[in-house]
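Worth knowing before you read on, the calculation uses all heavy atoms, side chains too, and leaves out hydrogens, waters and symmetry mates. All of these numbers come straight from a predicted model, not from anything done at the bench.
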Amino acid sequence: MKTADCICLMGVDGSGKTTLANACLDYLKTKNIKTTHIWSRYRNYLSKPFLRLMRLTGHNRKEIINGVKIGYHDFAGSALISYCFLLLQWIDQLIDITLRFRNPKNVIVSDRCIVDTLVDLCIDTGRDDFILGKYGKSLMSLMPTSTSYMIVFRDKEAVFTSRPDVMADQNYLRRIELYKMVARKFSLTTIDNNQLITESLNKIITEITKPV
């Protein structure tokens, strides 16, 4: 069976990405397909010193709400800070994609990917049009040509019941809207994960076996 070289499952916390990624890995194993599992978020290489500096200026902070620690990058108020961070992040993502995603020997199943990073950057800087325009397209072009992107959605009420901790993130609802925007802008496949896991997995299988 021929599958995509890279399978990326994306979405907000609690949408079921990890469960589906594990199910996908198990399925591919039954087909004797060698896989590599990647978790991809917060790959800061050159950005680390910048983020430390921003902590000193108060632009990079953490809050603890109901015992849940949430980090915030408050860069939207400064164009200089925003674009410096975006430049460093572009280089960081180039490094990460080159090291972990390019020319895979096995089929990669990625729990989160560059698209999740784009959503995070929109939250951090508020530069949605720029990030989901040429900036985002340039980073996605670095990924393997045969990459299947799938955004996992689940009703927020169900998420809040199973993962009440996500309610501590004041940007959670904006993240949901950003993923919807990303799906439209980049014409990405969406997975309705309000159903049985077998149904969601079947849609993933159909998607990853399409000719690319």
Side-chain angles (χ1 to χ4, degrees), residues 1-44 68 92-93 95-123 136 139-140 142-156 158-166 169 172 175-176 178-183 186-212:
M1 181 182 71
K2 176 63 177 174
T3 69
D5 292 331
C6 184
I7 301 161
C8 295
L9 295 171
M10 306 154 287
V12 292
D13 290 345
S15 58
K17 301 178 304 299
T18 301
T19 300
L20 289 175
N22 288 332
C24 187
L25 287 164
D26 289 342
Y27 170 78
L28 293 173
K29 184 177 180 180
T30 67
K31 301 298 180 182
N32 296 317
I33 296 174
K34 294 183 179 179
T35 59
T36 298
H37 187 195
I38 291 177
W39 186 83
S40 183
R41 198 176 191 186
Y42 307 128
R43 307 301 293 188
N44 297 317
V68 180
D92 281 348
Q93 300 313 313
I95 293 170
D96 190 54
I97 290 170
T98 301
L99 291 178
R100 301 201 298 161
F101 287 90
R102 294 296 298 175
N103 303 315
K105 294 180 180 178
N106 300 336
V107 172
I108 292 173
V109 177
S110 184
D111 183 345
R112 296 189 178 276
C113 71
I114 184 59
V115 174
D116 296 278
T117 300
L118 296 179
V119 169
D120 286 337
L121 292 175
C122 287
I123 295 291
L139 283 172
M140 290 178 69
L142 300 174
M143 292 287 285
T145 303
S146 178
T147 296
S148 266
Y149 298 97
M150 286 163 282
I151 302 180
V152 181
F153 287 102
R154 190 176 173 216
D155 290 344
K156 62 180 182 293
V159 173
F160 292 162
T161 298
S162 62
R163 287 282 307 274
D165 58 294
V166 302
D169 182 2
Y172 194 79
R175 290 183 188 279
I176 294 173
L178 281 167
Y179 277 106
K180 292 177 181 178
M181 188 185 304
V182 167
F186 297 120
S187 300
L188 303 184
T189 298
T190 59
I191 304 293
D192 178 2
N193 202 30
N194 294 294
Q195 52 196 342
L196 294 174
I197 188 172
T198 51
E199 295 179 41
S200 297
L201 180 60
N202 285 338
K203 185 167 184 181
I204 291 172
I205 294 168
T206 299
E207 182 64 23
I208 67 178
T209 54
K210 283 181 181 178
V212 179

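Between Val115 and Leu188, the closest side-chain pair of non-hydrogen atoms falls below 4.5 Å. Annotation: side chain of Arg175 is in contact with side chain of Asp120 (closest heavy-atom distance under 4.5 Å). Met150 has its side chain within reach of Ile7: a pair of non-hydrogen atoms, C-beta onward, lies under 4.5 Å apart. Counting heavy atoms from C-beta outward, Thr189 and Tyr149 have side chains that stay 4.5 Å or more apart. Within the 4.5 Å cutoff, no side-chain heavy atoms of Val109 are placed close to those of Tyr27. Considering only heavy atoms from C-beta on, Asp96 comes within 4.5 Å of Phe101 through its side chain. Using a 4.5 Å heavy-atom threshold, the side chains of Thr98 and Ile95 count as separate. Considering only heavy atoms from C-beta on, Val119 stays 4.5 Å or farther from Met10 through its side chain.
With hydrogens and angles disregarded, a donor-acceptor distance shorter than 3.5 Å links the side chain of Tyr172 to the backbone of Asp13. A donor-acceptor pair is defined here as one N or O able to donate and one able to accept, closer than 3.5 Å; such a pair exists between the side chain of Arg102 and the backbone of Leu142. Side chain of Asn106 to main chain of Thr36: no donor-acceptor pair is present (N/O by atom type, distance under 3.5 Å, no hydrogens or angles).
Applying the side-chain contact (heavy atoms from CB on, under 4.5 Å) rule to Ile197 yields the partners Thr19, Leu20, Ala23; only residues at least two apart in sequence or on another chain are considered. When the side-chain contact (heavy atoms from CB on, under 4.5 Å) test is applied to Thr190, the partners found at least two apart in sequence or on another chain are Phe153, Ala183. Every residue meeting the side-chain contact (heavy atoms from CB on, under 4.5 Å) condition with Asp192, not counting sequence neighbours, appears here in chain and number order: Asn194, Gln195.
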Q: Kindly indicate, with the supporting measurements, whether the criterion side-chain contact (heavy atoms from CB on, under 4.5 Å) is fulfilled by Thr147 and Cys8.
A: CA-CA 7 Å; Thr147 296; Cys8 295; 3.9 Å; yes
Q.
Pair Asn22, His37 - check side-chain contact (heavy atoms from CB on, under 4.5 Å), show working.
A. CA-CA 9 Å; Asn22 288 332; His37 187 195; 3.9 Å; yes
Q: Apply the test side-chain contact (heavy atoms from CB on, under 4.5 Å) to residues Leu139 and Leu118: give CA-CA distance (whole Å), side-chain angles for both, the deciding distance (0.1 Å), then the verdict.
A: CA-CA 9 Å; Leu139 283 172; Leu118 296 179; 4.2 Å; yes
Q | Verdict with supporting geometry, Val12 and Val159, side-chain contact (heavy atoms from CB on, under 4.5 Å) | A | CA-CA 10 Å; Val12 292; Val159 173; 5.6 Å; no
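The minimum heavy-atom distance between Met143 and Cys6, with the atom names listed, is CE-SG, 4.0 Å. Here the closest non-hydrogen pair linking Ser148 and Ile208 is OG-CA, 3.8 Å. The minimum heavy-atom distance linking Asn193 with Ser15 is given by the pair ND2-O, 2.8 Å. Closest approach of Arg154 and Ser162 over heavy atoms only: NH1-OG, 3.1 Å.
A distance of 6.0 Å separates OG1 of Thr3 from CG of Leu28, quoted to the nearest 0.5 Å. Atoms CD1 and NZ, on Ile205 and Lys31 in that order, are 8.0 Å from each other to the nearest 0.5 Å. In this structure, Ile204 CD1 and Ile191 CD1 are separated by 5.0 Å, a value rounded to the nearest 0.5 Å. Summarising the geometry, atom CD1 belonging to Ile176 is positioned 13.0 Å from atom CE belonging to Met181; distances are rounded to the nearest 0.5 Å. Note that OG1 of Thr30 and CG of Leu25 are 11.0 Å apart. Values are rounded to the nearest 0.5 Å. The structure places OG1 of Thr198 at 4.5 Å from CG of Leu196, a figure rounded to the nearest 0.5 Å.
At a threshold of 4.0 Å, the pair Lys17-Asp116 does not count as salt-bridged, since none of the basic side-chain nitrogens sits closer than that to a carboxylate oxygen.
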